[in-house]
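For reference, the structure discussed in these notes is given below.
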Amino acid sequence: MKEIFDRYSGGSNIMVLVLDFETLDCEEAIATDITRSGCRIRDTSHSEKNKLIGLRLSGLDKMVKGKIRDILEEEVRVSFLFEDDTKREKRKEKRRTVSIAASVLPGHGMPPVSCQIVDASLSGCRFFCNQLDDLPDTIALRIPGMDLPVGGSIVWRANGYAGVKMNWQFSGKTEFMAAKTIRPPSLAEKAGANGSRKRTLLKQPHIIPAR
């Protein structure tokens, strides 16, 4: 089995999906020089040092968490943060106001329910939903631009708003190294993109006032 950092090291380029945890924005970018500890990302809008991002690659069942270490002229250097590392990095989370039309997947045979995400951070988000009382505490959110729904738990409800703890599933180092291959995720087709290389989440012009 050939490890992925051998397969994609050097000048190889691969398309990846980059997720901003603070805004839930998604974009397609180019990853290169993939190693055991990180990679370089080109054609990305991210330019904030020490920012946490998620990298989605087909061939891996879970997202890889990364941290932007250096900002260069046309690329950023990213260090991987694996869930099974003994040393965990901690920082105070930022909560950003957003306006994202998404869907709640209640499960139990219930159909998807429309919602509006109004703010977000790494650990969770807040959304407004007209059918909030019908939702169970354990849900999944389908966010435009992402190929897989994200599990979550509703921790509070008030006046049509709900606070959700996001259950992000991140890759561990052993899982990452054991992957036979990685390839560009076919996210454009799954998300309904119209052929553009870069895609961000659908934004709505109206912001629901904060609670």
Side-chain angles (χ1 to χ4, degrees), residues 15-29 45 52-65 83 93-171 175 183-211:
M15 297 293 294
V16 295
L17 180 72
V18 181
L19 172 67
D20 185 334
F21 292 114
E22 295 174 355
T23 65
L24 300 183
D25 278 338
C26 297
E27 68 176 9
E28 289 182 352
S45 61
L52 292 179
I53 58 174
L55 300 177
R56 182 77 175 93
L57 307 102
S58 291
L60 291 174
D61 293 332
K62 298 177 181 178
M63 187 177 296
V64 178
K65 187 195 297 184
E83 286 296 278
E93 288 187 1
K94 295 179 182 178
R95 183 168 292 274
R96 301 286 180 88
T97 298
V98 299
S99 182
I100 302 171
S103 297
V104 181
L105 307 181
H108 308 289
M110 297 174 61
V113 176
S114 297
C115 71
Q116 189 87 0
I117 301 175
V118 297
D119 64 38
S121 67
L122 174 60
S123 62
C125 69
R126 181 166 60 102
F127 67 74
F128 178 83
C129 180
N130 289 320
Q131 298 172 257
L132 183 60
D133 292 340
D134 298 331
L135 299 179
D137 289 338
T138 301
I139 61 170
L141 284 173
R142 184 171 294 282
I143 302 170
M146 295 186 65
D147 61 333
L148 296 173
V150 181
S153 301
I154 296 178
V155 294
W156 61 262
R157 309 172 192 233
N159 301 320
Y161 290 89
V164 179
K165 179 182 178 181
M166 307 288 274
N167 300 323
W168 298 106
Q169 297 295 311
F170 296 114
S171 175
E175 181 181 8
R183 60 190 183 279
S186 56
L187 300 175
E189 293 79 10
K190 294 180 181 180
N194 58 5
S196 60
R197 189 192 60 77
K198 183 169 289 190
R199 177 177 175 82
T200 56
L201 292 176
L202 177 64
K203 296 295 187 66
Q204 301 297 315
H206 175 62
I207 303 292
I208 299 176
R211 174 172 169 258

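Fair warning: this is a prediction, and the values are worked out from it, not measured in the lab. Quick note: numbers below take in every heavy atom, side chains included, and nothing from hydrogens, waters or symmetry partners.
One distance of note links CE of Met110 with CG of Asp134; it measures 6.0 Å at 0.5 Å rounding. For the atom pair CD1 of Ile117 and CD1 of Ile100, the computed distance is 5.0 Å after rounding to the nearest 0.5 Å. One finds the CD atom of Glu27 at 10.0 Å from the CG atom of Leu19 (value rounded to the nearest 0.5 Å). Between atom CG of residue Asp119 and atom CZ of residue Arg96 there is a gap of 12.0 Å, rounded to the nearest 0.5 Å. The OG1 atom of Thr138 sits 11.5 Å away from atom NZ of Lys165, with the distance rounded to the nearest 0.5 Å. Here SG of Cys125 is found 6.5 Å from CD1 of Ile143. Values are rounded to the nearest 0.5 Å.
The shortest heavy-atom contact between Ile139 and Phe127 is CD1-CE2, 4.0 Å. Taking both residues in full, the closest heavy atoms of Pro111 and Pro106 are given as O-CD, 3.4 Å, listed atom of the first, atom of the second, then distance. Summarising the geometry of Trp156 relative to Tyr161, their closest heavy-atom pair is CZ3-O, 3.7 Å, with the distance given to 0.1 Å. Residues Phe21 and Gly54 share a closest heavy-atom pair of CE1-N, 3.4 Å. For Val150 against Met146, the heavy-atom pair with the smallest separation is CG2-CE, 3.8 Å.
Exactly one residue among Val64, Leu148, Val16 makes a side-chain contact (heavy atoms from CB on, under 4.5 Å) with Arg56. That residue is Leu148.
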* When you look at Ser99 and Gln116, which way does the side-chain contact (heavy atoms from CB on, under 4.5 Å) test go after all the steps? -> CA-CA 7 Å; Ser99 182; Gln116 189 87 0; 2.8 Å; yes
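Of the possible donor and acceptor atoms, one in the side chain of Trp168 sits under 3.5 Å from a partner among the backbone N and O of Leu122.
With sequence neighbours excluded, the residues satisfying side chain to side chain contact (heavy atoms under 4.5 Å, CB included) with Arg157 are Leu132, Leu135, Asp137, Ile154. By the side-chain hydrogen bond (donor to acceptor under 3.5 Å, both in side chains) test, Arg142 pairs with no residue at all, sequence neighbours left out.
In this structure, Leu141 and Met166 have side chains that are in contact, with non-hydrogen atoms separated by less than 4.5 Å. Val18 has its side chain within reach of Leu55: a pair of non-hydrogen atoms, C-beta onward, lies under 4.5 Å apart.
Applying the side-chain hydrogen bond (donor to acceptor under 3.5 Å, both in side chains) definition to pairs two or more places apart or across chains, none involves residues 101-115.
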